[in-house]
Amino acid sequence: MEKWQDPQVIALWIAIALVLVFTILLFVIKIMHAGYKRMTEANLREAHLKLAHQKTLLETNLQAQEKERKRIASDLHDSLIGKLTVIRMKTQLGLPTTEIEGLLGEGIDEARRISHDLTPPLLEHTQTQDLIEETLNPWREKLEIDYFSDVRLKDELSTTTKIQVLRIVQELITNIIKHANATVVTLHFRHTSSSLALQVKDNGVGFDTKILKKGLGLNSLESRTQYLNAAYKVKSIEGKGTTTLLVIVSP
């Protein structure tokens, strides 16, 4: 009988084969476990980052709301209430009716401005491109604004979408005034059956987007774009201005 036919030798080879298979199997299981662990840890990190990001956006919204409340309170106290107090004092002094009527007219105009800032009048029945035009008008004293609209359908946006688009325009222009040191702003609004696009470009100082620290304005912008299920991109070159593009697919 050949040596390899010896039952002990066969048993030894079988044992070696089993050990080898077991070792390979153990190695494969270990690799799979390590890969699964890495994937789980990566998913957890991503979930934590998303949670932290959502928390930041929520805090930004709360800060923006509080800032808006303070601004409205300041407008009411410093402007409208101040005018009404002057009217009362002049009425008590018995000044001419024409002068008092002039002050009343100023008070009405101020109340109208505050109301317009909160919610533009006839929001539901006014086209979005016209609302944007009205929103831009007060800024034309400080900036040269070139506004172009391209609307290719009769259906209007919902009231909620309109107000969010207007707030985005206001925030972008406010950021340009505060930080860009720009003189010219170009704004394009395009609305078709498939998408809505808003582009705001300035000739300001620009900034390095790689080291951009998001301020209240940009966090608020991101929050609003998420609410609208939109996408946005900010492109800026130092010394050559900034361009912000917002796109909503099938708004």
Side-chain angles (χ1 to χ4, degrees), residues 53-76 111-143 145-151 155-180 182 185-191 195-202 204 212 214-234 236 242-251:
H53 186 58
Q54 292 298 326
K55 183 180 178 181
T56 300
L57 290 179
L58 178 59
E59 290 174 351
T60 300
N61 280 336
L62 293 175
Q63 291 174 22
Q65 290 175 17
E66 189 61 29
K67 184 178 179 182
E68 186 66 9
R69 289 191 185 100
K70 288 180 179 178
R71 185 189 66 78
I72 295 168
S74 177
D75 279 352
L76 289 172
R112 186 180 291 114
R113 182 189 66 79
I114 294 172
S115 174
H116 188 280
D117 283 348
L118 290 172
T119 303
L122 301 176
L123 178 67
E124 184 177 353
H125 304 290
T126 305
Q127 294 183 322
T128 308
Q129 64 268 29
D130 295 332
L131 290 168
I132 293 175
E133 179 77 49
E134 292 176 7
T135 301
L136 293 173
N137 282 336
W139 300 105
R140 295 185 187 276
E141 296 180 2
K142 297 182 178 181
L143 292 168
I145 300 178
D146 295 325
Y147 171 51
F148 307 94
S149 62
D150 178 15
V151 179
D155 295 337
E156 257 302 312
L157 298 171
S158 67
T159 302
T160 303
T161 301
K162 283 183 183 179
I163 197 67
Q164 293 300 326
V165 170
L166 292 180
R167 294 294 182 247
I168 287 172
V169 171
Q170 289 174 332
E171 288 167 8
L172 289 175
I173 300 296
T174 299
N175 283 342
I176 290 170
I177 292 287
K178 287 183 178 179
H179 308 295
V185 172
T186 303
L187 191 147
H188 289 182
F189 174 73
R190 188 171 187 268
H191 187 196
S195 66
L196 179 152
L198 178 70
Q199 184 187 67
V200 180
K201 183 178 181 181
D202 68 69
L212 173 63
K214 291 185 177 180
L216 183 62
L218 285 180
N219 274 333
S220 181
L221 172 63
E222 183 169 355
S223 177
R224 293 186 191 280
T225 54
Q226 283 191 0
Y227 180 82
L228 293 171
N229 291 322
Y232 82 98
K233 183 177 182 180
V234 179
S236 186
T242 301
T243 300
T244 302
L245 178 64
L246 168 78
V247 177
I248 308 174
V249 178
S250 300

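Positions are given from 1, in the same order as the sequence printed here.
- Taking both residues in full, the closest heavy atoms of Leu136 and Leu187 are given as CD2-CD1, 4.2 Å, listed atom of the first, atom of the second, then distance.
- Residues Ser158 and Thr161 share a closest heavy-atom pair of OG-OG1, 2.9 Å.
- The two residues Glu171 and Leu221 make their nearest non-hydrogen contact at OE1-N, 3.8 Å.
- Residues Asn229 and Ile248 fail the side-chain proximity criterion, which asks for heavy atoms closer than 4.5 Å.
- Between atom CG of residue Leu166 and atom CD of residue Glu134 there is a gap of 9.0 Å, rounded to the nearest 0.5 Å.
- Separating the CG atom in Leu246 from the OG atom in Ser195 is a distance of 10.5 Å, to the nearest 0.5 Å.
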Report task. For the pair Leu143 and Ile173, evaluate side chain to side chain contact (heavy atoms under 4.5 Å, CB included) and give the outcome as yes or no after the intermediate values. Result -> CA-CA 9 Å; Leu143 292 168; Ile173 300 296; 4.3 Å; yes
Query raised in the report: Do Val185 and Val200 pass the side chain to side chain contact (heavy atoms under 4.5 Å, CB included) test, and can you show the C-alpha distance, the side-chain angles, and the key distance before you say yes or no?
Result: CA-CA 7 Å; Val185 172; Val200 180; 4.0 Å; yes
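- Salt-bridge check for Arg140 with Glu133: passed, with a basic side-chain N closer than 4.0 Å to an acidic carboxylate O.
- One finds the CG atom of Leu172 at 5.0 Å from the OG1 atom of Thr244 (value rounded to the nearest 0.5 Å).
- The shortest heavy-atom contact between Arg224 and Ile168 is CD-CG1, 3.8 Å.
- For the pair Leu157 and Lys162, the tightest heavy-atom approach, listed with the atom from each and the gap, is O-CE, 3.5 Å.
- Looking at Gln164 and Arg167, their side chains never bring a donor and an acceptor atom within 3.5 Å of each other.
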Requested in this report: Take Gln129 and Tyr147, measure what side chain to side chain contact (heavy atoms under 4.5 Å, CB included) needs, and give me the verdict at the end.
Outcome: CA-CA 10 Å; Gln129 64 268 29; Tyr147 171 51; 3.4 Å; yes
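- Taking 4.5 Å as the limit, some side-chain heavy atom of Trp139 sits within range of a side-chain heavy atom of Thr174.
- Nearest heavy-atom pair across Gln199 and Leu245 is CB-CD1, 4.0 Å.
- In this structure, Ile177 CD1 and Asp202 CG are separated by 10.0 Å, a value rounded to the nearest 0.5 Å.
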Report task. Show the numbers, then the answer: is there a side chain to side chain contact (heavy atoms under 4.5 Å, CB included) between Phe189 and Leu196? Result -> CA-CA 8 Å; Phe189 174 73; Leu196 179 152; 3.8 Å; yes
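- His191 has its side chain out of reach of Asp150: every pair of non-hydrogen atoms, C-beta onward, lies at least 4.5 Å apart.
- Atom NE2 of His188 is separated from atom OG of Ser149 by 10.0 Å, given to the nearest 0.5 angstrom.
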